Amino acid sequence: MENSRFMKRAIELSEESMRLGGGPFGAVIVKDGKIIGEGMNRVVPLNDPTAHAEVVAIREACRKLATFDLSGAVVFASCEPCPMCLSAIWWARIEKIYFCNTREDAAAAGFDDAAIYQELSRDLTERKLPIEQLHCDEACNTFATWLSNADKTAY
């Protein structure tokens with residue numbers, strides 16, 4: 001019963017997003033039975049390609065809890081998270097994802113992530129978006145400094 005209430009809220013946010021000029025996506029982050037973050041797609045209104053509903057909800061939850069670690073939280077999304085959102089959910093340590101519409105449903109609505117999934121499975125040299133490693137000693141030095149820093153906050 002609780003799950004349907006949280007999913008209903010995610011769907012309401014997706015509908016509100018469309019009314020406000022965004023895409024049809026909404027998400028809520030829940031921890032201990034309470035909503036700690038809400039998000040709707042804000043890509044077009046904010047001119048921000050990273051402002052997907054899940055990312056917006058994660059940012060709000062982290063701000064509210066003053067932490068980058070959302071262990072113990074779950075996300076309710078109106079649609080299966082795209083690769084970017086899935087990565088953000090992973091990095092936030094959210095423990096479970098509930099969703100309604102699938103990536104195939106999203107593709108049929110004009111939001112096709114298939115090319116991204118395909119790119120991620122290819123070797124770097126075979127990707128459509130050129131990606132090339134440059135060898136920079138300074139970059140290696142920053143990792144060495146990080147590793148030797150006893151006061152770092154690991155994440």
Side-chain angles (χ1 to χ4, degrees), residues 1-107 109-117 119-121 129 131 136 138-155:
M1 193 62 152
E2 280 284 283
N3 287 353
S4 62
R5 180 172 67 92
F6 297 132
M7 187 57 76
K8 182 176 186 221
R9 180 62 185 145
I11 295 166
E12 289 170 356
L13 289 164
S14 72
E15 293 166 346
E16 184 178 348
S17 175
M18 290 188 295
R19 284 192 300 276
L20 297 173
F25 304 97
V28 296
I29 310 292
V30 176
K31 187 170 183 178
D32 299 324
K34 296 179 184 160
I35 294 176
I36 58 171
E38 293 187 339
M40 65 180 81
N41 182 279
R42 307 305 298 143
V43 171
V44 173
L46 297 179
N47 293 313
D48 180 354
T50 69
H52 289 201
E54 297 90 337
V55 173
V56 172
I58 288 169
R59 289 173 181 161
E60 181 178 288
C62 289
R63 195 171 35 256
K64 276 185 180 176
L65 299 182
T67 183
F68 57 84
D69 185 346
L70 298 178
S71 294
V74 297
V75 62
F76 291 83
S78 63
C79 186
E80 181 179 357
C82 75
M84 177 184 68
C85 293
L86 184 59
S87 296
I89 290 165
W90 184 273
W91 281 110
R93 297 184 178 98
I94 292 171
E95 70 181 36
K96 189 166 185 173
I97 302 166
Y98 294 97
F99 68 91
C100 287
N101 293 316
T102 66
R103 67 175 85 167
E104 292 81 13
D105 297 328
F111 300 94
D112 194 353
D113 299 326
I116 298 170
Y117 285 105
E119 280 289 287
L120 291 173
S121 68
L129 178 63
I131 181 168
C136 302
E138 296 88 354
C140 293
N141 292 340
T142 59
F143 278 167
T145 301
W146 170 261
L147 286 169
S148 66
N149 180 357
D151 296 329
K152 69 181 169 279
T153 301
Y155 63 96

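Sequential numbering from 1 along the given sequence is applied to the chain's residues. All figures in this text were calculated on a predicted structure; none of them were measured in a lab.
- With rounding to the nearest 0.5 Å, the separation of OG1 in T145 from CD in E138 is 11.5 Å.
- To the nearest 0.5 angstrom, I94 atom CD1 is 4.0 Å from I29 atom CD1.
- Classification of K8 and E12 as a salt-bridged pair holds, one side-chain N sitting under 4.0 Å from a carboxylate O.
- Going from atom OG1 of T50 over to atom CZ of R42 covers 13.0 Å, rounded to the nearest 0.5 Å.
- Side-chain contact between V43 and D48 is absent, with no heavy atoms from C-beta onward closer than 4.5 Å.
- Atoms CG and OG, from L120 and S87 in turn, are 7.5 Å apart once rounded to the nearest 0.5 Å.
- Within 6.0 Å of CG on N141 lie more than 12 heavy atoms contributed by other residues, nucleotides or ligands.
- Within the structure, the salt bridge (Lys or Arg N to Asp or Glu O under 4.0 Å) test picks out the following pairs touching residues 61-70 (sequence neighbours left out): E60-K64, D69-R93.
- Between the side chain of D112 and the main chain of A107, no donor-acceptor pair closer than 3.5 Å is present.
- Using modelled atom types, no side-chain atom of E38 and backbone atom of A57 make a donor-acceptor pair closer than 3.5 Å.
- When side chains are defined from C-beta on, I35 counts as touching F6, because their heavy atoms get closer than 4.5 Å.
- Within the 4.5 Å cutoff, no side-chain heavy atoms of V30 are placed close to those of V75.
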TODO: Go through the steps for L70 and I89 under the test side-chain contact (heavy atoms from CB on, under 4.5 Å), then give the verdict.
DONE: CA-CA 9 Å; L70 298 178; I89 290 165; over 6 Å; no
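- Counting only distance, with no hydrogens or angles, the side chain of S14 and the backbone of S78 share no donor-acceptor pair below 3.5 Å.
- Using a 4.5 Å cut-off on side-chain heavy atoms (C-beta onward), P83 and D113 make contact.
- For residues 140-155, there are no salt bridge (Lys or Arg N to Asp or Glu O under 4.0 Å) pairs, not counting sequence neighbours.
- In terms of heavy atoms, V56 sits closest to G39 at CG1-CA, 3.7 Å.
- Counting heavy atoms from C-beta on, the side chains of M40 and L20 come closer than 4.5 Å.
- Residues F68 and A154 share a closest heavy-atom pair of CZ-O, 3.9 Å.
- Scanning both residues, C82 and H52, for their nearest heavy atoms gives SG-ND1, 3.4 Å.
- In terms of heavy-atom proximity, A88 sits nearest to V55 at CB-CG2, 4.2 Å.
- Heavy atoms only, all atoms of each residue included: P45 and G21 are closest at CD-O, 3.7 Å.
- Looking only at side-chain heavy atoms (C-beta outward), N101 and F99 stay at 4.5 Å or farther from each other.
- Nearest approach of E54 to P81, heavy atoms of both residues: OE2-CA, 3.6 Å.
- Taking the six-membered ring where the residue is Trp, the centroids of F25 and F111 are separated by under 6.0 Å.
- Distance CD1/I36 to NZ/K31: 6.0 Å, rounded to 0.5 Å.
- Using modelled atom types, one side-chain atom of S17 and one backbone atom of N41 make a donor-acceptor pair closer than 3.5 Å.
- Side-chain contact between L13 and R9 is present, with at least one heavy-atom pair separated by less than 4.5 Å.
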TODO: Apply side-chain contact (heavy atoms from CB on, under 4.5 Å) to S71 and E95, showing your working.
DONE: CA-CA 6 Å; S71 294; E95 70 181 36; over 6 Å; no
